[in-house]
Amino acid sequence: MNAVRRSPPPDDSIVEVVPVVRRVVASRVVDPATRDDIVQETLARLMASRSRVEQDTLVPYAIAIARNLIASLAEREQRSRRNAHLLVETDEPEPRPDDEFLRQEDALIVAAAVARLPAPEREILLAHEVDGTDVATLAAGRGSTPGAIAAQLNRTRSRLRVEYLLVQSATDPPTDRCRPMLMALSLGDRRRQRELDVHGHLLACDFCAVQSSTLVARRSRRTGHEDVRVPVSRDSDVVAARQKGREVAAAAGFEGTELTVIATAISEIARNIVKFAKRGEFTYIVLHTDGRTGLQVVARDSGPGIPDLQRALEDGYSTYRGLGLGLPGARRLMDEFEIVSTVGEGTTVTMTKWRA
Ligand SMILES: [Zn+2]
């Protein structure tokens, strides 16, 4: 296993360029999300060519990159507008989904999922949800306590969510381990998730990776304070990972340049994952330590691993061809950076930015 733990100073000269780039882009691009994208891409390209640019030409060079990106974006948009008519072949209105049919189908899925519950659990759930029997009455009739019945109902609902997804997907889980994994996710039971190594399983199991995104999304909506996780396996996921990271950082109070820096570092690591590891996952954790607020980004993949970490972190050593700053750039942008890699197993990058 290789591990590198170091906290290099951020590359201030490049970070200082960000406000200028932001102003240039803001004066020409209306959409805020597109603005962020262009500023981040400019920063990435600037860092990739850092060694070839003199200090005093950094700003004009950055502005030139941003303008080029804006120009090519405008061209792309014009082209897609010209081609828009090709996508619409007739004047007929779009077919509308039949709401009644969807409702019926959903009821069938729920019924099938309920039928899969163990009989005693199903009985309690139906007595409570359908007949309206309260928890105290259920407890009294079973020689139990209201607390125990409530906890049981909670577990049963979690199981029902898992079975609902399985019925809906019309596939059996590929391994015996899958159901307990999904159950632990559905319950939001962190300790159980650690015991089972759910994260490790999700990185290796396509089936559970897909199902879990639905389960976790439901939980986050309900509880609101889960760590935020984003699976990454395709180019479009790079954007999703970056946007989610920005969102979490903004909610934690990060602003302006800091947001750009964080999002850029996330982009770089995410691109590496898509390119080399094929599948990984980002977790965003807001830290509150010694009166400081930070965002911790954990990127974990199940890829081939990096044999020579020292070399991979050297400037100018690009882990992939093309634009971007890769690992060394991400390390410079963040306040803390730690990477652990095991050949044949995968790589975990943990990086933290503290609010100024
Ligand atoms: Zn599985």
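Ligands are counted one by one from 1 in listed order, and the atoms in each one are counted from 1 as well. What you see is a predicted model, and the numbers here were worked out from it, not measured in a lab. Counting from 1, the numbers follow the sequence of the chain as shown.
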Residues 195-203 side chain polar contacts: donor-acceptor under 3.5 Å, at least two apart:
from : atom 1 : to   : atom 2 : distance (Å)
E195 : OE1    : R192 : NH1    : 3.3
D197 : OD1    : G200 : N      : 3.1
H199 : ND1    : E281 : OE2    : 3.4

Side chains of R161 and S158 only: does a donor on one sit below 3.5 Å from an acceptor on the other?
yes

Those residues that, when tested against R157, pass side chain to side chain donor-acceptor pair (under 3.5 Å) (two or more places apart)
E129

Y284 vs I266 side-chain heavy atoms within contact, under 4.5 Å
yes

Protein N, O or S within less than 2.8 Å of the Zn ion (ligand 1), waters excluded:
C178 SG, H201 NE2, C205 SG, C208 SG

Under 3.5 Å, sequence neighbours excluded: what are the donor-acceptor pairs made by side chains of residues 115-124?
from : atom 1 : to   : atom 2 : distance (Å)
R116 : NH1    : E163 : OE1    : 3.0
E121 : OE1    : T156 : OG1    : 3.0
E121 : OE1    : R159 : NE     : 3.2
E121 : OE2    : R159 : NE     : 3.4
E121 : OE2    : R159 : NH2    : 3.4
R122 : NH1    : A115 : O      : 3.1
R122 : NH1    : L117 : O      : 3.2
E123 : OE2    : R142 : NH2    : 3.3

Do R242 and S267 get their side chains close enough for a donor-acceptor pair, meaning under 3.5 Å?
yes

